[in-house]
Amino acid sequence: MSQPETSDSHEIQVRVRYAETDRMGLLHHANYAVYFEMGRTELLRAKGRSYRDVEDAGFFLVIVDLQCKFRQPARYDDLLTLRTTVAKVTHVKIVHEYRLFRDGVLLTEGRSTLACVDRDGKPQALPDLLR
């Protein structure tokens, strides 16, 4: 069962669309990364910011690590709850953790590390708006 949100976490609901499934009617593994990105985007939006704000300020977040542990499959038309949590923030990186549920049952756990870079792709310190 999912836990209550904190200021460093946010939950969204996602319905599995037909185009996101494979021949068996299961959510294709590539779409979990897309869902995780949706979770990060909405977590930032819930804090009053957007990725556009961050990028317009000259800060770009790139994925340097992505992990996913599949416990049970999600299927076409499932209504899922994705909980995204900021697990760790360093000088230049943000680590997010993800938990994907269907009816309170944990289906998938994930983790990503994003590094902050400038327009030339060189590492730079995270701005205050991301801390």
Side-chain angles (χ1 to χ4, degrees):
M1 174 91 35
S2 62
Q3 298 174 357
E5 291 185 31
T6 68
S7 62
D8 290 333
S9 69
H10 186 67
E11 289 186 356
I12 62 170
Q13 288 195 311
V14 181
R15 185 163 309 270
V16 178
R17 297 170 293 192
Y18 185 79
E20 297 170 329
T21 63
D22 59 20
R23 275 183 83 177
M24 297 179 290
L26 305 178
L27 179 61
H28 189 273
H29 64 272
N31 290 305
Y32 288 84
V34 174
Y35 286 9
F36 294 168
E37 181 178 11
M38 291 168 56
R40 289 191 307 273
T41 299
E42 294 307 318
L43 172 59
L44 188 57
R45 192 180 316 280
K47 292 181 170 225
R49 301 278 189 225
S50 73
Y51 270 109
R52 179 171 289 181
D53 295 338
V54 174
E55 291 176 348
D56 286 351
F59 299 94
F60 300 88
L61 299 174
V62 296
I63 295 280
V64 296
D65 185 55
L66 182 63
Q67 302 169 26
C68 193
K69 171 87 173 168
F70 303 100
R71 299 187 177 284
Q72 293 185 32
R75 294 181 167 77
Y76 167 65
D77 208 37
D78 280 352
L79 183 59
L80 308 175
T81 300
L82 175 64
R83 180 180 172 85
T84 304
T85 303
V86 175
K88 182 178 179 182
V89 178
T90 69
H91 185 64
V92 298
K93 294 180 182 176
I94 303 173
V95 177
H96 291 92
E97 292 180 343
Y98 312 92
R99 289 187 173 44
L100 189 65
F101 299 90
R102 179 185 53 234
D103 297 326
V105 175
L106 179 63
L107 304 181
T108 306
E109 294 177 280
R111 185 177 180 95
S112 66
T113 303
L114 287 78
C116 186
V117 298
D118 64 17
R119 293 185 193 284
D120 296 321
K122 295 179 181 162
Q124 66 175 334
L126 286 166
D128 288 339
L129 65 99
L130 291 176
R131 294 186 174 274

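Not measured: the values here are computed from a predicted model.
- Checking S9 against R83 by side-chain atom types alone, a donor-acceptor pair falls below 3.5 Å.
- A distance-only check finds no donor-acceptor pair linking the side chain of N31 to the backbone of V34 [under 3.5 Å].
- Cluster annotation: I63 is connected to L44 through the hydrophobic network of ILVMFWY side chains, with a link wherever side-chain heavy atoms come within less than 4.5 Å.
- Residues Y35 and E20 have side chains that bring a donor and an acceptor to within less than 3.5 angstrom of each other.
- Between R52 and E55 there is no salt bridge, since no side-chain nitrogen of the basic residue lies less than 4.0 Å from a carboxylate oxygen of the acidic one.
- Remark: aromatic rings of Y98 and Y32 are distant, center separation not under 6.0 Å.
- Between E11 and T81, the shortest heavy-atom distance links the atoms OE1-CG2, 3.6 Å.
- Other residues, nucleotides and ligands contribute over 12 non-hydrogen atoms within 6.0 Å of the NZ atom of K47.
- Rounded to the nearest 0.5 angstrom, L27 CG and D22 CG are separated by 8.5 Å.
- Side-chain atoms of R111 never come within 3.5 Å of backbone atoms of E97 as a donor-acceptor pair (strictly under, hydrogens ignored).
- L107 and L26 are assigned to two separate hydrophobic clusters, defined by single-linkage of ILVMFWY side chains at heavy-atom distances under 4.5 Å.
- Listed for the Q124 side chain is a donor-acceptor partner under 3.5 Å among the backbone atoms of V117.
- Side chain of R40 to backbone of T85: no donor-acceptor contact under 3.5 angstrom is found.
- Both F70 and L82 are part of a single hydrophobic cluster, where members link through side-chain heavy atoms under 4.5 Å apart.
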